[in-house]
Structure formats: structure tokens, C-alpha cells
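Along the sequence shown, the residues carry numbers beginning at 1.
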Amino acid sequence: MSGQTVILRGPEQRSLAMDIIARAPDNAVVNVREEKRTLDQNALLWAILSDVSRAKPDGRVHPAETWKALFMNACGHETKFEIGLTGEPFPVGFRSSRMNKSQMSELIEFIYSWGSERGVMWSEPQERKAT
């Protein structure tokens, strides 16, 4: 039996998944997880991180990558900073590609809330902001 993936969209897919599990050999591995974040969510994340970076809220000047680490840390995702070879800190240990859709939505909403409180002008149209 080779690896099989089923997206649980309704009763038919759930039935298929149960059938696959019933026929699986001993010691087979089953992994059920939420859907990963979407490409649209990822594109929106980088657009709003760029908006925050350009706005320099509270006088803070960081590239979008650093803002991403700061926001992920603020939302409870594990991040840490190391000192680079030139003595400057840089973020490590975070990957938004591992986030599921709801985690990414929470991160995006947090960034919008935080940035709006600090006067960030958003480049994305209002209708695009829904995640």
C-alpha cells in the first residue's frame, strides 16, 4: 500500500478515509491535520508586512522578515533571535509555511490590528483583507 491522501470535505471522503484505514497494514501511520495556509494568505502576509516596514511604526525600522518574526512571537509562535557574524541580531526558528489556515488568519488579523492602532496605511484593498 503506497501513501494516500484524502481531504475530508464531506461524508464520502470520510468514508473513503475510514476504508483506507480499515485496510491499512499493522504499523501504518495516519496523520490528520488542518489544511495549511493558502498562497493568497501568504501573499497578503508579505504585503502587510511590507506596509508595516514602510510605515516605521513607533520609529522602529525593520525589514519585513524581522517584522514577521516579531509578530509571530507576539502571537505565541516560537521564535528566537541570534547574533549574526556582524553583531546584528537576526530572527531564526520560525516558518509561516508550517502554519495552518486559522493560525495564518489570526496572525494577519493581529498585524492589521496592531498596525491600524499605529497609523499604518494598508496597500491592500479592503475586500482583499478577508482571510
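S105 OG to F110 CZ: the interatomic distance, rounded to the nearest 0.5 Å, is 15.0 Å.
Applying the side chain to side chain contact (heavy atoms under 4.5 Å, CB included) criterion to S53, with sequence neighbours excluded, gives W67. The salt bridge (Lys or Arg N to Asp or Glu O under 4.0 Å) test applied to E35 returns K101, not counting sequence neighbours. In terms of the side chain to side chain contact (heavy atoms under 4.5 Å, CB included) criterion, T5 has no residue partners (sequence neighbours excluded). Contacts of R60 classified as salt bridge (Lys or Arg N to Asp or Glu O under 4.0 Å), with partners at least two apart in sequence or in another chain: none. Checked against side-chain hydrogen bond (donor to acceptor under 3.5 Å, both in side chains), N27 has no partners two or more places apart in sequence or in another chain.
For the pair R98/K36, a side-chain contact is recorded, criterion being any heavy-atom separation below 4.5 Å from C-beta on. M99 is listed as a side-chain neighbour of H77, based on a closest heavy-atom distance under 4.5 Å. The closest side-chain heavy-atom distance from M104 to S96 is below 4.5 Å. At least one side-chain heavy atom of K68 sits under 4.5 Å from a side-chain heavy atom of W46. Taking 4.5 Å as the limit, some side-chain heavy atom of R37 sits within range of a side-chain heavy atom of N42. Between Q41 and L44 the shortest side-chain heavy-atom distance does not fall below 4.5 Å. At least one side-chain heavy atom of I111 sits under 4.5 Å from a side-chain heavy atom of L45. At a threshold of 4.5 Å between non-hydrogen side-chain atoms, the residues C75 and E106 do not count as touching.
The closest side-chain donor-acceptor pair between D40 and T38, if any, does not fall under 3.5 angstrom.
Hydrophobic clustering, with ILVMFWY side chains joined whenever heavy atoms are under 4.5 angstrom apart, keeps V30 apart from M18.
Nearest heavy-atom pair across L49 and F71 is CD2-CD1, 3.7 Å.
Judged by distance alone, the side chain of S113 and the main-chain N or O of E109 form no donor-acceptor pair under 3.5 Å.
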Could you list the donor-acceptor pairs under 3.5 angstrom formed between side-chain atoms of residues 7-17 and any protein atom two or more places apart in sequence or on another chain?
from, atom 1, to, atom 2, distance (Å)
Q13, OE1, G10, N, 2.9

